[in-house]
Every structure is written in structure tokens, then in C-alpha cells.
Amino acid sequence: MPDGATQSPVAPSTGSAIETTQQFIARTMAGRGSVDLVNNEERIIFSGCLRKNKTEDPRTMGAAAFLTNLTAAEYRLIDFAYVMDTSGIQPGESVETDVGFTVLPKSELVALNSGEELMITHRYDVQPNDRGISSLKIPQGGFAIKPDQRLSIGSVSAIFPLDGSGAKVVDSARLADGSLFRVCYSATVVRADKVTDPAIVSYRSAFRDRSYVADPARTTAPFTTFRNTSDRPVRVYGIGSFISNLSSSEPSTHSVDVFANNQLLTRLTLPDHVPGQTSGNMPMVDPVNIVLAPGDTLTVKGRVFPRKAIVFDYAAFIFADPGLVSIDERLDILPVDLNGDGYKDIIDIDSTGSIWVSLRVGQGLQNTQQEWARAIRGADRLSQLPRSNPSDPLILQATGQAGLCLNMTAIPSEARFVLEYCNNPGTPSLSSDVWGDYNGDGFVDRLRVDPATKAYLVALGSAGGLGTSRIWAGGYGAVEKMFVSDADADGNSDVMAEWSDVNGLQCRIFFGGTDQFRIENCPK
């Protein structure tokens, strides 16, 4: 059975504990940077400094270094440490930075299409500071780097002015000397025959890189549940958390809940996000000591508590023995080219019925997944409908054993599907329609708001199609934003609505029911 004790198998590397920041930087600057393993070395310190340059998005600066295993031997990554140079931060700026590592086939620079990142951390800096050396000792025998694989250490940064104007393009002159947001790193790599313990695995939850909207009703980030499908116990050693407030303009608080067999074992607290204030330090990986028997499940849920709707990224990196398998997501459910660029895109359906789409950017690469539809829980199958003209919009059909049949028109420019029941062809769909399973019967329903009468009209879905619209609530203002989630986890979709009036920002949660909404103020 799971053991919820929080011992400390994930500890800082001993070398970093006695080095000063300046000593670490001096040592890593003398490192070789990218390196090929060809001579079967027993041990190598893979070190250097990442000099950032503009990426394909000129608002983002990034760099990576690679250790490529060209030998016939397996190697292990056993520790990692880094220091970031924040001296280039100017008054009125905040900087969001990701730092991490992954193992890839030697031919790839980055993939992001299979949850292969091993650890990514995020930080928010507002003024020059010395956070010291961030370090991590990988538990057990470390992470495996097999022949013809390479270890990638990378970092990206973006500048967000404190006036809330969004990420800005950096003047190229600031990048000239290579010091702007430079990350100096050191990683120890050892040949596997010199390591006593077996290698561990990093499981990513959510499985892919997913950007979602957190709001006062939707406080749980997308997640993946894993089951121990092996015939032996699986030990979980630590939980790494990546959390990014992509607007940087609103405060939020965060935590992580760790469940085994749907029972809460431990809650990890993450630093608050306060715009204009450097975020607090946190370990790259929080230590846990959990043992999962064969058949046990593990779920790690990121929790985000904002004042209003904000775009977020959250991922957990679960350091554990081999043997865990994702059980609640249907991955790669239909390979189809949604945007007509010649590449098959990635479509997943999660346990809540959200349909996640990632538009590939070339062969093997992908963008962050976006939530194109929600609460399509009754869909067992997706298929592509034929088109009479290649220029016509692409339509997918979602069907289920209970009789669900939806036609979903892809709108790639808006990252969404327009929904229509198969039995209601020609029913006009509006961009303001909000779809969710408001009565919890497994069929998606349509919500429309009539601004003139302030009426909230719901048409219930069924195997027979979409029913007549009926008033479920009324009297609330000209809604500006509406988002669907199951806020109270009762199986019914709920709606968070935001609008502004003479009294300022208004926020209500409309909880689903049998034939009407229950309405409450959003938490403060």
C-alpha cells in the first residue's frame, strides 16, 4: 500500500553545497559545452554556459547544449545544477525563465510530442539577484542515456514589462555579449556499469505540454493518472513542479496534491506568484517516499488559485521506478492535418472529456496543446468526415456507444471546434456558445446568454440531438468571459462568468444541475 511519509531521497548534490555562486560560474564557464561521448569515459562533468539568442518567436530567448552518446554503452545522469545570470534585468521588467533537461534521440533538437521531458523548472525574477546554486541529485541510479541518445540541457526566457503589456521583443544589442539571462550548468554523467542502483523514470503529468485557463472555479490543472502495471512495487522518490503564469499580470497561489488510489497522501506548497515581486525559491524536486503496489494508481494534481481567469501551464515530473502507465487519457486518438500544412496534428482526449490539439510544426515537432473543446466525455471514437472541396473546413465526427454524435468543425485560427449535433444539421452555431455537460448525463449541452434579457439559456443534448433552449438562470450582466469546468467535482459541468460594471469586476460560478443553475459568488 502507498506510504505517504516524506523522507528525503532527492537531495542537493554535495559538490554544489560547498561552492559559492561565483566559483560555480567560473568552473562551468571553463566547461566544454556540447560534447560527444566517443571514448567510453567512466565519468564526465557535462558543463558550460548557455548563451541565449532569439528563437522563432522573437519575444523568446533560448539556448541548449547536448551530450550525445555515440558509444555502445549506457550512461546515467546522476546530478544536475545551474545558476542563472539575472544582472541584465532592467527596472520595470520581470523575467520568466524555464530551465531543465531531457533525453532525446541523437537526431532531434527537441520533440515535446510524447511527454519526454525529464525535469523542467520555472522561475520569475524582477530584479538582479543571487539565488545561489540550484542543484539536484537524481535518486537511485539516475536517468538512462542509451546509445544514440543525447542529454539536452536547455533554457528559455521572456521579458514581461511590469505595466502588464505582455512579453516584449528584446533589443538585439542586449544579447550581444551573451550574458543576458545566461544559464551556467553542470551535470554529472557516469557509465552505467559504474552505477550500483537501477535507473529511474520521469513521468510527466499532464502527459503533454498543455496550456489551459485557470479561474476561480477551475483550480485543478490538467493531469494524468498512472497505474502500476508491473508485478512488483514501484517507489516514487520525488515530484518536480513546473508552473507558469503566462500573463505575469495577476497574483495567484499554488499547491500540489498527490493521491494514491484516489486518497490524498500529501500536499506540497509552491511559492505564490506576485506581479512585481521575485518568486520564492523552491526545490527542483520535492522529495516524497511513496510505494505503489501492483495495481495501485498515482495522481498528481497542480492547484492554482487566481482572482480571475488566467492562462497557465502546469506540469508535474514524477521521479519513480519503471512500471507506471497512463490510464485515463486517449492519446493520438486521430492523426489528422487540421490546419492543412501537410503535417498530421496530435489530438488527445483526457478523463474530463477535454479535447486537446497540438498543431505540429514540422515533422516530429509540435506546439503546446490547446483545449479545443470540453466535456465531450461520451466520445469513444473520432473520425474525419469527407470533404467535397479541399478548401472546405475540416469536420471531425465524435461518436459514442450511448448514442452521442457530434460534428466538430475545426477552426485552427481560433484553436477551437465549433460543435453541432449530427441530428440537428444546419443548427446555427455562435462563437459565444459555451458547451458543457450541465446535467451530467454524458451528453454535451449548449449554453447561450441573451444580453438583452440577461437570460442564461441551456439546450440539453441527448442521443436524439440538441433539445429546446430553456432558461436556467437570469439577471446577470453582459458577460465578457465564460469558462467551463467541474468546479465541485459532482459530474456536472459548471460555468465561471466574469464581467465588469460600475462596481468593478464581477465573477459568478453557475453550478450545473437537473434543470437550472445554482449561482454563487467566486471565491475571493
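Just so we're clear, the structure is a prediction, and the values are computed from it rather than from any experiment. Along the sequence shown, residues are numbered consecutively beginning with 1.
- With hydrogens and angles disregarded, no donor-acceptor distance shorter than 3.5 Å links the side chain of Glu93 to the backbone of Leu162.
- Proximity of the aromatic rings of Tyr237 and Phe319 is defined here by a centroid distance below 6.0 angstrom, and this criterion is not met.
- With Thr55 contributing its side chain and Asp57 its backbone, the two residues share a donor-acceptor pair below 3.5 Å.
- Looking only at distances, no side-chain donor or acceptor of Lys52 sits under 3.5 Å from a matching main-chain atom of Thr60.
- Screening Thr368, Asp350, Asp348 against Arg210 for a side-chain hydrogen bond (donor to acceptor under 3.5 Å, both in side chains) leaves a single residue, Asp348.
- You'll find the side chain of Arg446 reaches within 4.5 Å of the side chain of Ser469, heavy atoms only.
- Ion pairing between a basic and an acidic side chain is recognised when a charged N comes within 4.0 Å of a carboxylate O; Arg508 and Glu520 show no such pairing.
- The side-chain heavy atoms of Phe317 and Tyr203, taken from C-beta on, include no pair separated by under 4.5 Å.
- With hydrogens and angles ignored, the 3.5 Å screen pairs no side-chain donor or acceptor of Asp272 with any backbone N or O of Val274.
- Using a 4.0 Å cut-off between charged side-chain N and carboxylate O, Asp125 and Arg123 make a salt bridge.
- Annotation: the span from Ile120 atom CD1 to Asp313 atom CG amounts to 11.5 Å, rounded to 0.5 Å.
- Across all non-hydrogen atoms, the minimal contact from Val256 to Ser241 is CG2-OG, 3.4 Å.
- Between Leu118 and Ser202, the closest heavy-atom pair is O-OG, 2.7 Å.
- In this structure a side-chain-to-backbone donor-acceptor pair under 3.5 Å is missing from Asp328 to Ser351.
- Using modelled atom types, no side-chain atom of His254 and backbone atom of Ile243 make a donor-acceptor pair closer than 3.5 Å.
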Q: Check the pair Ile355, Ile347 against side-chain contact (heavy atoms from CB on, under 4.5 Å), reporting the backbone distance first and the verdict last.
A: CA-CA 7 Å; Ile355 299 181; Ile347 304 176; 3.7 Å; yes

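- Using a 3.5 Å distance cut-off with no hydrogens or angles, the side chains of Asp296 and Asn228 do not pair a donor with an acceptor.
- Open room surrounds CZ on Arg307; 12 or fewer heavy atoms of other groups in view lie less than 6.0 Å from it.
- Checked by atom type and distance alone, the side chain of Asn245 never pairs as donor or acceptor with a backbone atom of Ser249 at under 3.5 Å.
- Put simply, the side chain of Thr399 reaches to within 4.5 Å of the side chain of Gln397, judged on heavy atoms.
- A salt bridge is absent between Asp441 and Arg377: the closest approach of a Lys/Arg side-chain nitrogen to an acidic carboxylate oxygen does not fall below 4.0 angstrom.
- Distance check, rounded to the nearest 0.5 Å: CG of Leu419 to CD1 of Ile376 gives 5.0 Å.
- Ionic pairing of Glu371 and Arg218 is present here: one or more N-O contacts between side-chain nitrogen and carboxylate oxygen are shorter than 4.0 angstrom.
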Q | Intermediate values then yes/no, side-chain contact (heavy atoms from CB on, under 4.5 Å), Ile519 and Ile509 | A | CA-CA 6 Å; Ile519 307 167; Ile509 301 176; over 6 Å; no

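- Annotation: cation-pi pair Lys301/Phe259 present, NZ/CZ under 6.0 Å from the ring centroid and within 45° of its normal.
- Cation-pi geometry between Arg360 and Tyr343 is not satisfied (NZ or CZ under 6.0 Å from the ring centre, within 45° of the ring normal).
- Under the 3.5 Å distance criterion, the side-chain polar atoms of Ser358 are left unmatched by any main-chain donor or acceptor of Gln369.
- Shown here for Val234 and Pro322, the closest heavy-atom pair between the two residues is CG2-O, 3.3 Å.
- Using a distance-only test at 3.5 Å, with no hydrogens or angles considered, a donor-acceptor pair links the side chain of Asp437 to the main chain of Gly442.
- Here the side chains of Gln506 and Glu498 are not in contact, with every heavy-atom distance at 4.5 Å or above.
- Annotation for Asp501: atom CG counts as buried by contact number, over 12 foreign heavy atoms lying within 6.0 Å.
- Classification of Arg267 and Asp257 as a salt-bridged pair holds, one side-chain N sitting under 4.0 Å from a carboxylate O.
- Within the 4.5 Å cutoff, no side-chain heavy atoms of Leu457 are placed close to those of Val449.
- For the pair Ser94/Pro275, no side-chain contact is recorded, criterion being any heavy-atom separation below 4.5 Å from C-beta on.
- Looking only at atom types and distance, the side chain of Gln127 has a donor-acceptor partner in the side chain of Thr278 under 3.5 Å away.
- Atom-to-atom distance recorded for Arg303:CZ and Thr220:OG1 is 4.0 Å, nearest 0.5 angstrom.
- Relative ring orientation between Tyr212 and Phe312 is described as tilted, the plane-to-plane angle lying within the 30° to 60° band.
- The OG atom of Ser155 lies 9.5 Å from the CE atom of Met61; values are rounded to the nearest 0.5 Å.
- Although no hydrogens or angles enter the test, the distance criterion places a donor-acceptor pair under 3.5 Å between the side chain of Asp215 and the main chain of Ala217.
- With a 4.5 Å cut-off on side-chain heavy atoms, Leu324 and Leu292 count as touching.
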Q: Start with the C-alpha gap between Thr225 and Leu298, add the side-chain angles, then the distance that decides, and say whether side-chain contact (heavy atoms from CB on, under 4.5 Å) holds.
A: CA-CA 6 Å; Thr225 294; Leu298 178 77; over 6 Å; no

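- Note that OG of Ser134 and CG of Asn281 are 6.5 Å apart. Values are rounded to the nearest 0.5 Å.
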Q: Report the C-alpha separation of Asp332 and Arg208 in whole Å, then their side-chain angles, then the decisive distance to 0.1 Å, and conclude whether the salt bridge (Lys or Arg N to Asp or Glu O under 4.0 Å) test is met.
A: CA-CA 11 Å; Asp332 300 303; Arg208 303 199 206 273; 3.1 Å; yes

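- For the pair His122 and Ser244, the tightest heavy-atom approach, listed with the atom from each and the gap, is CE1-OG, 3.5 Å.
- Aromatic pair Phe510/Tyr438: ring centres not closer than 6.0 Å.
- A salt bridge is defined here as a Lys NZ or Arg NE, NH1 or NH2 lying under 4.0 Å from an Asp or Glu carboxylate O, and Glu96 with Arg59 fails to meet this definition.
- Checked against Val458 for a side chain to side chain contact (heavy atoms under 4.5 Å, CB included), the options Val434, Asn439, Asp445 give a single hit: Asp445.
- For Phe417 and Trp372, the ring centers sit closer than 6.0 Å to each other.
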Q. Checking side-chain contact (heavy atoms from CB on, under 4.5 Å) for the pair Ser255/Phe305: CA distance, chi angles, key distance, verdict?
A. CA-CA 9 Å; Ser255 62; Phe305 303 91; 4.0 Å; yes

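- Between the CG atom in Asp286 and the CD1 atom in Ile239 there is a gap of 8.5 Å [rounded to 0.5 Å].
- Here the closest non-hydrogen pair linking Val300 and Ala316 is CG1-CB, 3.5 Å.
- If you look at Tyr124 and His273, their ring centroids are closer than 6.0 Å.
- Residue-environment remark: CD1 (Ile471) stays at or below the threshold of 12 foreign heavy atoms within 6.0 Å.
- Ionic pairing of Glu117 and Arg204 is present here: one or more N-O contacts between side-chain nitrogen and carboxylate oxygen are shorter than 4.0 angstrom.
- Between Arg387 and Asp392, no side-chain nitrogen of the basic residue sits less than 4.0 Å from a carboxylate oxygen of the acidic one, so the salt-bridge criterion is not met.
- Of all non-hydrogen atoms in Val95 and Ser157, the two that sit nearest each other are CG1-CB, 4.2 Å.
- Between Leu466 and Asn423, the closest side-chain pair of non-hydrogen atoms is not below 4.5 Å.
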